[in-house]
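What follows is one structure encoded as structure tokens, with my remarks underneath.
Naming: A, B, ... by sequence-line order, numbering from 1 per chain.
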Amino acid sequence: MESILLDVDYTYEDEKNIMVLHLKEGKKRVIKAMEYMPYFLVGDISKEELENAIDLLGREVPELKIEGKVERFFGDKKKELWKVVVDTPQNVPKVKHVLKHMIEGRASFYEFDIPFKKRFLMDHKLDPLGKVKYNEKNNITSIQGAGEGEVELIAGAFDIEVYNPEGIPREERDPIIIITYKDNEKEYFISTKGKGKNVVNVKDEKELLEKFDSIIKESNPDVLLGYNSSQFDFPYIEGRVKKLHVDMELIERRRKIRKGLVNGYKLRNNIHLDLYPAVRLLTTMGAINVQRLTLKDVYKAMFGEEKLMVDRAEMWKLWDEDDDELLDYALGDARATYRIGEEVLPLEMEIARTSKTTLFDASLSTAGQLVESRLMYYAALEKHIIPPKPKENEVKQRLENPIEGAFVKLPEPGIYDNIAVLDFRGLYPSIIISYNIDPYTLTDGEGYESPSGYKFRKDYRGLVPRVLEELLVTRAAIKKEIKKEKDKEKLKRLKARSQALKILANSFYGYLGYARSRWYSRECAESVTAWGRAHIKSAIDKAKEDGFDVLYADTDSLFLLMGKKSKEDVLKFLNKINESLPEKMELELENFYTRAVFVSKKSKTEKRGAKKKYAMLAEDGSIKIRGFELVRRDWSEIAREIQKKVLESILKDGRKEKAIAIVRDAIKRIKEGKESLDKFAISTQLNKKIENYEAIGPEVVAAKRLRDSGMPVGKGTLIRYVITKEGKSISDKAYPLSMAKNYDPDYYIKNQILPAVMKILKELSVDEEELLTGTKQQGLKGFF
DNA sequence: GCCGTAGGACTACCA
DNA sequence: ACTGGTAGTCCTACGGCG
């Protein structure tokens, strides 16, 4: 029977290590169990000596034995190692630790820190979401590549609503009043209230939970989607289940998983996929951009429309009023979650397959863990040794010793016309592949020599560049398929695959320099950036030789001032440069822009151009803005809005008079109190506990006030605060948006609007006096 | 004790 | 909890003044 591997679980029963495989066969899901033993590897020691030590230990650890010899490659050097089998996975590091002390200095230990599930998947060459076969004894007998299978998983999304007239809902007091659920066929609104097509009426909360349980059991989605459901919905349901003594199969034998810093909530029968951490990964990879990771904002960012949903804090009012719209509002969340899931699930599935991680684990993984997983898989497949994770002191040392990064050219501030932007396609990946950069190709002998002085062998291909190149080759092939494919569903899958491959490929350089990486190599990471700097600088020089002025460059991109030159001249330059580059490297045309604004740094003394801050108008009318306050969430919306208008006016119109009018009008409105309070909110995330702050800034003061009012505030909370008229210092004046009664117009004009717009207007020779008073005579004091 | 400022703490951005 | 390079705000400590 052929089936698709959905997930793997480990359990210890009847003194046996059991791996439980969750499979999908046709439309059904089935479970298969098989025994599997944990082990680690030992080298540089005779069998007799190792056996003696193991015999001594064997009395305390049942089943401990040398199972035999295995071969492993260290680069292109082969070594024979003893495979030591242990009774339980927990005992692998323990036994290794004790053995190491017994035979200190006379043996080397390997692969003692491989997660047990990962070990199982690798040893059986199993591909998550790939095809597997098994026989009557439940032994896996054959496999196929992950790319071959076309898996279709049925997803359902759910959401709970809690009665919370006093703000934050508390499990022991506030009941769940509504649960909504949506899958590909049906929608349910389960509640004691409401009437209509999809309404399932229940008599009380206990029945509500039971009904939800039976609906999930009946619909039985492969994947159950929620939004922040690991942190909120499931723990809350669990709390109510305990209080009301409900039997709920859905959460029976659930497991709380902690992976790195992320919490996961693993269900027994369905794959629970919380979209929140998944979306967060996408934001860190630059796949989507949102100011806040709320369901509302993410929905808007992805689909460009407001979703039908109700403010959670207002839900109880609609409930008390028996509002007719309650049904649609509550279903709005489940529908939004489902729709986000339709986009994110295919991508998560491809990330899982590409990284050789199960879907559930992939949804909780960081980029580094995904790269690591794929490298481990191929290392095991080709019998390369898997390096250990570094110990904490090693991590510390690596962190204290960072490597030199990219080159950024200092721009001359000003307003420019006709710019061509070029960039290296996948600069760091192409460097790793071109120069065979790998911890095991590093050599003192012959090889590619990096500008930082390290050399990499040409006669032996490293695992890292090989695995990376395979990702890029696959991606290129998929991009070709995308061009031909007409079927909507297949196209979606192909695009998701391409994106997953891109995410993984772009993370390899970071992984080489990541302090907790198994394949960390200072020399490799340093060489990647050194070659990167060399290539961008050489491109700048060559552009100058060809008569271009180079306005700006950052890491892998360069901005050419075209002057009297034509587009053809730019393309000719590209061709010329590409002929001189290694085969896998390529400089590409990003776009042509008709106008650009670069500004000065805010500095009292020097007047230098600001890096990583510019705005450009493309030929098609679209605007590209980088670094300006208007793209930063820790500036008020009012300041961002005005800065945006000013920039757009300058890019499209070019006259300072219009820009000045925009600012004057805005200042007037602020002074007259015509703008709503939430436009003055400044958002700042707390990255540590309130108590741990040395510098008590406005966001910390506002956070304390918020906490004193009973709201949960801590590491990770996004604080939205307003600078009010109440208090002396800026921090004194900071109140959470929910508590603020007013805003301080002077602060917002002086500290938000003026700094944001002046840096742009300066480039049009407008000074502050002229802006504020219309003349160049009066000082700022006269104005306030 | 008050003032002004350099340096540090901190966040969020670009690539 | 993938990397380094960068701008900018606000706090805090410190030195000068008297």
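- Using a 4.0 Å heavy-atom distance criterion, Gly405(A) is classed as a sugar-phosphate-only contact.
- When the options Asp556(A), Asn591(A), Ile577(A), Leu589(A) are evaluated for a side chain to side chain contact (heavy atoms under 4.5 Å, CB included) with Leu422(A), the one that passes is Leu589(A).
- Using a 4.0 Å heavy-atom cutoff across all strands shown, Leu512(A) reaches no nucleic acid atom at all.
- Backbone-only engagement by Tyr747(A) is indicated by non-hydrogen atom pairs under 4.0 Å involving sugar-phosphate atoms exclusively.
- Listed candidates were dG4(C), dT6(C), dC10(C). Nearest to the side chain of Lys611(A) is dT6(C).
- Applying the side-chain hydrogen bond (donor to acceptor under 3.5 Å, both in side chains) definition to pairs two or more places apart or across chains, those involving residues 387-397 of chain A are Glu392(A)-Arg516(A), Glu394(A)-Arg398(A).
- The aromatic ring centres of Tyr748(A) and Phe680(A) sit less than 6.0 Å apart.
- Contact annotation: Lys759(A) does not reach the phosphate of dA7(C) (side-chain N/O to OP1 or OP2, under 4.0 Å).
- Arg522(A) pairs by the salt bridge (Lys or Arg N to Asp or Glu O under 4.0 Å) definition with Glu526(A), not counting sequence neighbours.
- Residues satisfying the side-chain hydrogen bond (donor to acceptor under 3.5 Å, both in side chains) criterion with Asn578(A), sequence neighbours excluded, are absent altogether.
- When heavy atoms are screened at a 4.0 angstrom cut-off, Trp519(A) is found touching no nucleic acid atom at all.
- One interatomic measurement links the two molecules: CZ of Arg280(A) to P of dC2(C), which rounds to 11 Å at whole-angstrom precision.
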Pairs under 3.5 angstrom, nitrogen or oxygen only, protein versus nucleotides 7-9 of chain B, please.
none

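- Taking the side chain to side chain contact (heavy atoms under 4.5 Å, CB included) definition, one finds that Ser230(A) meets it with Tyr265(A), His272(A), Asp274(A), sequence neighbours left out.
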If you look only at distance, which donor and acceptor atoms sit under 3.5 Å apart when one is on a side chain in residues 277-291 of chain A and the other is two or more places apart or in another chain?
{"unit_1": "Thr283(A)", "atom_1": "OG1", "unit_2": "Arg280(A)", "atom_2": "O", "d": "2.6"}
{"unit_1": "Thr284(A)", "atom_1": "OG1", "unit_2": "Leu281(A)", "atom_2": "O", "d": "2.8"}

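- Here Lys389(A) lies out of heavy-atom contact (under 4.0 Å) with every strand.
- Using a 4.0 Å heavy-atom distance criterion, Gln369(A) is classed as making no nucleic acid contact.
- Screening residues 386-408 of chain A for ring-ring contact (aromatic ring centres under 6.0 Å, His included) gives no qualifying pairs among residues at least two apart or on separate chains.
- Residues passing the salt bridge (Lys or Arg N to Asp or Glu O under 4.0 Å) test with Arg533(A) are Glu404(A), sequence neighbours excluded.
- Among the heavy atoms of the strands, none lies under 4.0 Å from Ser517(A).
- Residues passing the salt bridge (Lys or Arg N to Asp or Glu O under 4.0 Å) test with Lys612(A) are Asp554(A), sequence neighbours excluded.
- End-to-end axis angle for the helix from dG1(B)-dC17(C) to dA15(B)-dT3(C), using five pairs per end and rounding to 10°, comes out at 20°.
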Distance-only donor-acceptor hits, side chain of residues 623-630 of chain A, under 3.5 Å, sequence neighbours excluded:
{"unit_1": "Lys624(A)", "atom_1": "NZ", "unit_2": "Glu590(A)", "atom_2": "OE2", "d": "3.2"}
{"unit_1": "Glu629(A)", "atom_1": "OE1", "unit_2": "Gln643(A)", "atom_2": "NE2", "d": "3.0"}
{"unit_1": "Glu629(A)", "atom_1": "OE1", "unit_2": "Lys759(A)", "atom_2": "NZ", "d": "3.4"}
{"unit_1": "Glu629(A)", "atom_1": "OE2", "unit_2": "Lys613(A)", "atom_2": "NZ", "d": "3.4"}
{"unit_1": "Glu629(A)", "atom_1": "OE2", "unit_2": "Lys759(A)", "atom_2": "NZ", "d": "2.6"}

Atom pairs, N/O to N/O, protein against nucleotides 12-15 of chain B, distance under 3.5 Å?
{"unit_1": "dA12(B)", "atom_1": "OP1", "unit_2": "Arg633(A)", "atom_2": "NE", "d": "3.1"}
{"unit_1": "dA12(B)", "atom_1": "OP1", "unit_2": "Arg633(A)", "atom_2": "NH2", "d": "3.1"}
{"unit_1": "dA12(B)", "atom_1": "OP1", "unit_2": "Gln685(A)", "atom_2": "N", "d": "3.0"}
{"unit_1": "dA12(B)", "atom_1": "O4'", "unit_2": "Arg632(A)", "atom_2": "NH2", "d": "2.9"}
{"unit_1": "dA12(B)", "atom_1": "N3", "unit_2": "Arg632(A)", "atom_2": "NH1", "d": "3.3"}
{"unit_1": "dC13(B)", "atom_1": "OP1", "unit_2": "Val631(A)", "atom_2": "O", "d": "3.0"}
{"unit_1": "dC13(B)", "atom_1": "OP1", "unit_2": "Arg633(A)", "atom_2": "N", "d": "3.1"}
{"unit_1": "dC14(B)", "atom_1": "OP1", "unit_2": "Gly627(A)", "atom_2": "N", "d": "2.8"}
{"unit_1": "dC14(B)", "atom_1": "O2", "unit_2": "Lys612(A)", "atom_2": "NZ", "d": "2.9"}
{"unit_1": "dA15(B)", "atom_1": "OP1", "unit_2": "Tyr614(A)", "atom_2": "OH", "d": "2.5"}
{"unit_1": "dA15(B)", "atom_1": "OP2", "unit_2": "Arg626(A)", "atom_2": "NH1", "d": "3.4"}
{"unit_1": "dA15(B)", "atom_1": "O3'", "unit_2": "Asp556(A)", "atom_2": "OD1", "d": "2.1"}
{"unit_1": "dA15(B)", "atom_1": "O3'", "unit_2": "Asp556(A)", "atom_2": "OD2", "d": "3.3"}

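- OP1 or OP2 of dG8(C) has not a single side-chain nitrogen or oxygen of Lys602(A) nearer than 4.0 Å.
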